[in-house]
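Any value given below was found using the heavy atoms of this structure, including those in side chains, with hydrogens, waters and symmetry copies removed.
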Amino acid sequence: QVQLVESGGGLVQPGDSLRLSCTASGFTLANYGVGWFRQAPGKEREGVSCISSGYGSTFGSTWYADSVKDRFTISRENAKNTVYLQMNSLKPEDTAVYYCASGLICHSDYRKYNSWGQGTQVIVSS
């Protein structure tokens with residue numbers, strides 16, 4: 001069974017850090033691009049970051065939304081079939097449900113992905 005499971009969300013204060021995990025089962029995540037998306041109440045889903053598959057000419061390529069650049073870092077741990085999103089200097093506007101998704105490539109468009117996790121809530125509030 002193909003499955004993605006996110007974890008690591010929670011309630012933090014502005015300036016704090018969180019690390020989200022996206023763990024795959026039923027397939028090898030390193031063979032796929034992985035994206036992180038978020039959706040806040042009343043807002044559209046937006047791309048946060050993505051990382052290309054662990055092979056080929058685009059190996060390790062990453063993309064970040066301008067709003068998170070220099071604060072968030074995406075990475076892989078292939079031995080654990082997991083992709084991480086390290087989030088530093090969190091702001092209240094980062095509050096959202098965060099989803100990971102897998103697809104053929106790293107892309108900011110959520111329509112390029114075909115497997116999705118259930119989401120993990122991140123709340124940044126003082």
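Under a 3.5 Å cut-off, the side chain of Glu6 and the backbone N or O of Gln118 do form a donor-acceptor pair. Without hydrogens or angle criteria, Ser52 side chain to Cys106 main chain gives no donor-acceptor distance under 3.5 Å. Checking side-chain atoms of Asn81 against main-chain N and O of Cys22 turns up no donor-acceptor pair under 3.5 Å. Arg38 contributes no side-chain N or O that, together with a main-chain N or O of Val122, makes up a donor-acceptor pair within less than 3.5 Å.
Once rounded to the nearest 0.5 Å, the distance linking NZ of Lys112 with CG of Asn114 reads 11.5 Å.
Residues that satisfy the side chain to side chain contact (heavy atoms under 4.5 Å, CB included) test with Thr23, not counting sequence neighbours, are Thr82. Qualifying side chain to side chain contact (heavy atoms under 4.5 Å, CB included) partners for Lys69, counting only residues two or more places apart in sequence or in other chains: Tyr64, Asp66. By the salt bridge (Lys or Arg N to Asp or Glu O under 4.0 Å) test, Asp16 pairs with no residue at all, sequence neighbours left out.
Judged by distance alone, the side chains of Asn31 and Ser53 never bring a donor and an acceptor atom under 3.5 Å apart.
For the ring-ring contact (aromatic ring centres under 6.0 Å, His included) condition, the pairs that include at least one residue of residues 102-126, sequence neighbours left out, are Phe37-Tyr113, Phe37-Trp116. Applying the ring-ring contact (aromatic ring centres under 6.0 Å, His included) test to pairs two or more places apart or on separate chains, none has a residue in residues 67-101.
Taking a 6.0 Å sphere around CD of Glu44, one finds it holds 12 or fewer heavy atoms contributed by other residues, nucleotides or ligands.
The other members of the hydrophobic cluster of Ile123, by chain and number, are Leu11 (side-chain heavy atoms under 4.5 Å, ILVMFWY only).
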